[in-house]
Amino acid sequence: MDLFALQSSVRSALEGAFPDKVWVRAEVSAVKVRSGGHCYLELSQSDDNGLTAKASAIIWASRYRFLGPFFESVAGTPLQPGIQVLVRVQVNYSELYGFSLIIDDIDAEYTLGGKEKERQATIERLRREGLMDMQKELSMNALPYRLAVVTAPDAAGYRDFRRHLHENAYGFVFRTDLFEAVMQGAAAPGSIASAIEAAGGTDPEYDAVLVLRGGGASLDLSCFDDYRIAAAIARCPVPVLTAVGHDQDYHICDMVAWKDVRTPTALADVFLDIYMDEDRYVTAFGSRLKIAFMNKIALMGSRLDVLESRIAGADPRRVLERGYVLALDSRGVVMKSVEGRSEGDRVSMMFRDGVLDCVVKEVRKDGKQ
């Protein structure tokens, strides 16, 4: 039997065993869309021991031009490596190209459903291990300055964050250190978790660890539902703040974080707002202090006016101006009684316009002779 005859026999037997289309569950390992519009995929299956099955698959251009956009609209992502799919295939065998699967339909809901099951299982595990609320028990420094940023160095969201934070109109100054991480794909969970652990383990500690990534397809962001990232955030000894995806996205990493916001610029605003509030408080305190000081000065001025008035009222010159006379003994002391006075004592009589020097001729008490 020649090779072609053998291959033909294999083809007849194989295609005869699977005359109808079948639904197959698998993981997409590779995707390539050719210039002609045909989509070539590699499907695989693994278990704890590694790869257990692999097959080539094709979506012909006439089918892919409709199936590709439909899948992306439902699943929120195009066909890409790392996703689980449920595909309807026709078993195919070629004497030249060997075994392959011809795909004519994909259940996009299966891809979403599988991710949601994993997500709920991760949430339950975190709750069971007491990790969901660990970050909420932490407190951040009143004026956070040293910030560790976990992201990709070339990410647009990182550039937006830095520009908004460091080029703020108020002149507030921050220190931001980058801890590089892969932010999507199969390597992302381990990379991000390692970066968070490294940032949280520095001495001296950072005031906060920030995890940020701009928007993307739903399955591009699905790594932020991974247990490894969530556990690393929960166990971080300093507050972790997240800004991942779009406004409508909410991931497990957001649930366990100390605080989550929706965009990198909103994350920058968190720290700018803290400093602006402190600035307003200090300004208001300074105003209150100034007002209190001015009030104190005004009160002291009022008291001084009263004292001056009393002093002026007790001025002997005021008494003399009203027609009274002050009698002074030889030492210049005001005489308030005739007691102790004798004939011949010298006294002075002080009037408004002058002084008379006198000699006591006679002393009479109570008007008596």
Side-chain angles (χ1 to χ4, degrees), residues 131-183 188 191-216 221 224 229-230 232-287:
L131 299 178
M132 287 297 291
D133 298 320
M134 285 185 67
Q135 275 280 311
K136 305 301 189 292
E137 299 173 1
L138 301 177
S139 59
M140 190 162 61
N141 289 341
L143 291 175
Y145 164 71
R146 298 182 71 245
L147 309 176
V149 184
V150 176
T151 191
D154 56 349
Y158 179 48
R159 292 195 297 271
D160 293 342
F161 167 80
R162 285 185 54 82
R163 185 182 305 111
H164 197 66
L165 184 70
H166 291 295
E167 298 177 12
N168 68 84
Y170 313 100
F172 301 142
V173 177
F174 301 88
R175 172 181 169 179
T176 55
D177 295 332
L178 175 64
F179 287 75
E180 294 188 26
V182 177
M183 301 305 285
S191 178
I192 296 170
S194 296
I196 293 171
E197 290 166 358
T202 60
D203 186 20
E205 289 185 341
Y206 285 96
D207 295 317
V209 175
L210 318 182
V211 180
L212 63 89
R213 186 198 190 282
L221 301 172
F224 293 98
I229 296 178
I233 290 174
R235 295 187 176 113
C236 188
V238 298
V240 177
L241 291 80
T242 59
V244 175
H246 304 285
D247 288 343
Q248 70 273 17
D249 294 317
Y250 188 59
H251 300 279
I252 295 177
C253 71
D254 300 321
M255 297 180 187
V256 300
W258 186 80
K259 182 179 181 63
D260 70 282
V261 296
R262 297 278 53 86
T263 65
T265 52
L267 187 55
D269 281 333
V270 169
F271 299 95
L272 294 177
D273 289 346
I274 290 174
Y275 275 73
M276 288 173 65
D277 289 344
E278 183 68 15
D279 186 63
R280 283 192 290 266
Y281 173 80
V282 171
T283 301
F285 180 77
S287 297

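Count residues from 1 along the sequence. Just so you know, these numbers use all the heavy atoms, side chains as well, and skip hydrogens, waters and symmetry mates.
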Looking only at non-hydrogen atoms, find the nearest pair between M140 and I274 and report the distance. CE-CD1, 3.8 Å

Under the 3.5 angstrom rule, does the side chain of D207 hit a backbone N or O of R146 as a donor-acceptor pair? yes

Kindly indicate, with the supporting measurements, whether the criterion side chain to side chain contact (heavy atoms under 4.5 Å, CB included) is fulfilled by V244 and C253. CA-CA 9 Å; V244 175; C253 71; 4.2 Å; yes

Taking R213 for the side chain and G157 for the main chain, is one N or O donor matched with an acceptor at less than 3.5 Å? no

Looking only at non-hydrogen atoms, find the nearest pair between T176 and L165 and report the distance. CG2-CD2, 3.7 Å

Geometric class of the F174/Y275 ring pair [parallel <30°, tilted 30-60°, perpendicular >60°]: perpendicular

Quick one: which residue pairs count as a salt bridge (Lys or Arg N to Asp or Glu O under 4.0 Å) with a foot in residues 166-183, not counting sequence neighbours? R175-D177

Are T151 and F161 close enough that some pair of their side-chain heavy atoms sits under 4.5 Å apart? no

For the residue pair Q135 and V256, establish whether any side-chain heavy-atom pair is separated by less than 4.5 Å. no

Indicate every side-chain donor-acceptor pair of residues 191-204 with a distance under 3.5 Å to a residue at least two apart or in another chain.
residue: S191; atom: OG; partner: V182; partner atom: N; Å: 2.8
residue: S194; atom: OG; partner: G190; partner atom: O; Å: 2.9
residue: T202; atom: OG1; partner: A199; partner atom: O; Å: 3.2
residue: T202; atom: OG1; partner: P204; partner atom: O; Å: 3.4

Do the side chain of K136 and the main chain of A257 share a donor and acceptor less than 3.5 angstrom apart? yes

In terms of the angle between their ring planes, are Y206 and F179 parallel, tilted or perpendicular, with boundaries placed at 30° and 60°? perpendicular

Nearest 0.5 Å, what's the CG-CG distance between L143 and D277? 10.5 Å

Compare all side-chain heavy atoms of H164 with those of D269 and state whether any distance is below 4.5 angstrom. yes

As a quick check of understanding, evaluate side chain to side chain contact (heavy atoms under 4.5 Å, CB included) for L212 and V149, giving each step before the final call. CA-CA 7 Å; L212 63 89; V149 184; 3.7 Å; yes

Applying side chain to side chain contact (heavy atoms under 4.5 Å, CB included), name anything that partners D260, two or more places apart in sequence or on another chain. T242, Y250, D254, R262

Spacing of Y158 atom OH and M183 atom CE [to the nearest 0.5 Å]: 12.0 Å

Are side-chain heavy atoms of L241 and F271 found at a separation under 4.5 Å? yes

Approximate separation, where rounding is to 0.5 Å, of L272 CG and T265 OG1: 10.5 Å

Closest approach of C236 to L138 (non-hydrogen atoms, all atoms of both residues): O-CD1, 3.7 Å

